[in-house]
Amino acid sequence: MSKLLVISLVVSSIAATAVDNHDYPGRSAQSVLTTARNTQQQVGWYDPRSLGGQLLDFTTPTHGEPLNVIVSGLSDPDILTEAGFRDYAKSLGYSEECLGLHIGHIHEANLGDGDGKKLEMYLARQSYFPVWGTCWESLAGGQHFRAWKQNGTLANSGAWFIGASKELDSRNHHTIVPDGYNLGRDWFVDKAIEGSHWKGKWWAAELEWRTDLLDEGSDGVNHGIPQDGRVAILRVFKI
Ligand SMILES: *[C@@H]1O[C@H](CO)[C@@H](O)[C@H](O)[C@H]1NC(C)=O
């Protein structure tokens, strides 16, 4: 078999198994569904495990933090761009990393998209205080997330894979609080579901929980902090 054929077989088999299988309850759902039907792309995200990836990042070679939120590639095309995603994060109450105050290191993740392990593309922290913004949060600790984009050539869904958590303050070297992975994920998800806006752009999201992507517990999890294994799939749309 030619190399090309093998690759296309692999890709089509992932496409067949890893799709957004939402139920789309509610009224706004119908319009989202219609939009999806009218676009070329029908796959919101690919299961990273299909091509050797995983839903834990690589904080160290052996331990990682859970990628506990996926923003589907079937979301508003604007927020699938880097600039649009920044705006979306700000609408949720995060702001960008305070330069110079970041303590910690860049994490890698393997999203099974053919890129292997790649560096996080974005890190956002909760904005506590309008004047000091992120800098204040960097001292006080709080909500933050890292994001990677699934856009390698073997699984180019455009989805954002997000590791959200709640940290202690920076004097504690940004350690995750007990239950900090679940709390960080739920904070992100609650804000997304409530609906948010930034600079005249308004968004809402539909949520699906997946329990089959990540093992519950603390095996391989950074800081040995257990998490419940649930991954939130969000499909964010403009309202
Ligand atoms: C994937 O997305 C990131 C973030 O938007 C971007 O920097 C990178 O160039 C993209 N890669 C490809 C192959 O398009």
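As the structure lists them, so they are numbered: ligands from 1, and atoms in each ligand from 1.
- Among Thr81, Asn151, Thr153, the residue whose heavy atom sits closest to atom 10 (C) of ligand 1 is Asn151.
- Judged by distance alone, with hydrogens and angles left aside, the side-chain atoms of Trp187 form no donor-acceptor pair with the main-chain N or O of His144 at under 3.5 Å.
- Interatomic distance, Leu111 CG to Trp45 CH2, rounded to the nearest 0.5 Å: 12.0 Å.
- Within a 6.0 Å sphere centred on CG of Asp186, other residues, nucleotides and ligands contribute more than 12 heavy atoms.
- Annotation: Glu82 places an N or O atom under 3.5 Å from an N or O atom of ligand 1; distance criterion only.
- Distance check for atom 14 (O) of ligand 1: a protein heavy atom is found below 4.0 Å.
- Across all their heavy atoms, Ala205 and Leu234 have their closest contact at CB-CD2, 4.1 Å.
- If you number the atoms of ligand 1 from 1 as listed, the ones under 4.0 Å from a heavy atom of Met121 come out as 3 (C), 4 (C).
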